[in-house]
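Note on naming: letters A, B, ... go to the chains in the order of the sequence lines (proteins, then strands), and numbering restarts at 1 for each one.
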Amino acid sequence: MKLDNRRPMGGPARALLFGGGQSYLDKLLGIQPSNLIGLWPLRETSGGVAVDASPEGNDGAYTSVTLNATPFKNGDPAPQFDGVNSFVDVHSAALNTDFDGAELTMSVWFQMLNAGVWTDSTLRYLMVFAVSTSNEIHLFRTTTDNELKTRYEAGGTAVTVAFTDAGGSIAWHNFTMTISALADEMKTYLDGAQVGATQTGLGTWAGDLASDSALLGARNTSPASVQNGYLAYGALWKTPLTDAEVLSLGTV
Amino acid sequence: MPHLYIHIRNLPPGWTTSQRNTAWDAMRATGKQDGNRPEHITHVRVSLDNAEIIVESLFDAAEITQAAVVATMASALGLQSHAVDAIIEYEVFGGAGATWDESRLAALAFLLANVTHWEVPE
């Protein structure tokens, strides 16, 4: 079955196929819809376009990704990233225009290929938006066993949160970060619940997104630090979601 | 058609940056160039110093013998094959008969063993 991301099935039609009521895609589309600037379900079964289901239509491009490799939690197909040269490039002039590095939420679901990925001493970037090394936002696995980290650097000032709560797991997990320069807060969430302390002392974001650094599944388009496993439902809002909204998106 | 990862390292004293770029562009043109399955289309990863390249694709078996790879680069560079053969190392990750996953695992092991050539620090 080929799923059309731009025209998501409504609750009743989808419920017939997958059971339940509102679909997960419908739920995400309903969270701060006027601030949703990217929603990449990654559920295509063929082709090179990673369709953006958000109203902005900021489509991405698959590179060396195996589509329809495993089911996501809701049954949608999800792609495999090979750990070598896979990524989804979501950079575009339109996304750059929509993007606000000072106020945002970025979120992605991930599943490691196997438990060994958690201890292979290799950086694995899951979601990245960057201008330069002084203005960059990363959701990634570090070289420390079982550790995930968020990193927000703006104007050369970096804040990070590292945690091991998902270490060793080969289940699907939601990884989310919210940024608000206005509130001077960076928060990190795993599966809808905040992990680590709220970070303050944020710097001032500046610049346009680099053309090689708006990605799912790798650090850049070289590509370096490639995910070894699966990703689904990358999402980007130009506002920090509330704790309740993050809990909702972290629940399928 | 085998779906594999191949690796080429240009030994010192190697080519200039321009020559390497020409050689790597020639390798980008090998393998399957289009289609509906992204993993089957030729994609490359270049080392931090631009001296090595990993190419993944759905190849014709005949185009990933060492002689064929050398001939491809020599033709692009306007060199004799022996001049290229003398200054490269070449391997098919996992061997020519490997499955895609066997080749992928060999590529992953290689990257881990040579991480300073391929990854920038956090």
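For the atom pair A/T63 OG1 and B/I41 CD1, the distance stands at 8.5 Å (nearest 0.5 Å). Between atom CG of residue B/L105 and atom CG of residue A/L113 there is a gap of 8.5 Å, rounded to the nearest 0.5 Å. Note that CD of B/E119 and OG of A/S121 are 11.5 Å apart. Values are rounded to the nearest 0.5 Å. Atom OH of B/Y5 is separated from atom CG of A/N85 by 5.5 Å, given to the nearest 0.5 angstrom.
Interface summary for chain A: among B/V46, B/V120, B/D34, B/V115, the most heavy-atom pairs under 4.5 angstrom belong to B/V120.
Between B/E39 and A/Q80 the shortest side-chain heavy-atom distance does not fall below 4.5 Å. The side-chain heavy atoms of A/L67 and B/R37, taken from C-beta on, include no pair separated by under 4.5 Å. With a 4.5 Å cut-off on side-chain heavy atoms, B/I54 and A/V84 count as touching.
Under the 4.0 Å criterion applied to side-chain N and carboxylate O atoms, A/K149 and B/E122 are assigned as salt-bridge partners.
Looking at B/H43, its side chain does come within 3.5 Å of a backbone N or O of A/S64 through a donor-acceptor pair.
Among all heavy-atom pairs drawn from A/P223 and B/R45, the shortest one is O-NE, 2.9 Å. Closest approach of B/R104 and A/D82 over heavy atoms only: NH1-O, 3.0 Å. Taking both residues in full, the closest heavy atoms of B/L108 and A/N228 are given as CD1-ND2, 3.6 Å, listed atom of the first, atom of the second, then distance. In terms of heavy-atom proximity, B/P38 sits nearest to A/G47 at CG-O, 3.3 Å.
In this structure, chain B has no heavy atom under 4.5 Å from any part of A/N220.
Counting heavy-atom neighbours within 6.0 Å of B/Q33 CD, excluding the residue itself, gives a total above 12. Around atom CD1 of B/I88, more than 12 heavy atoms belonging to other residues, nucleotides or ligands sit under 6.0 Å away.
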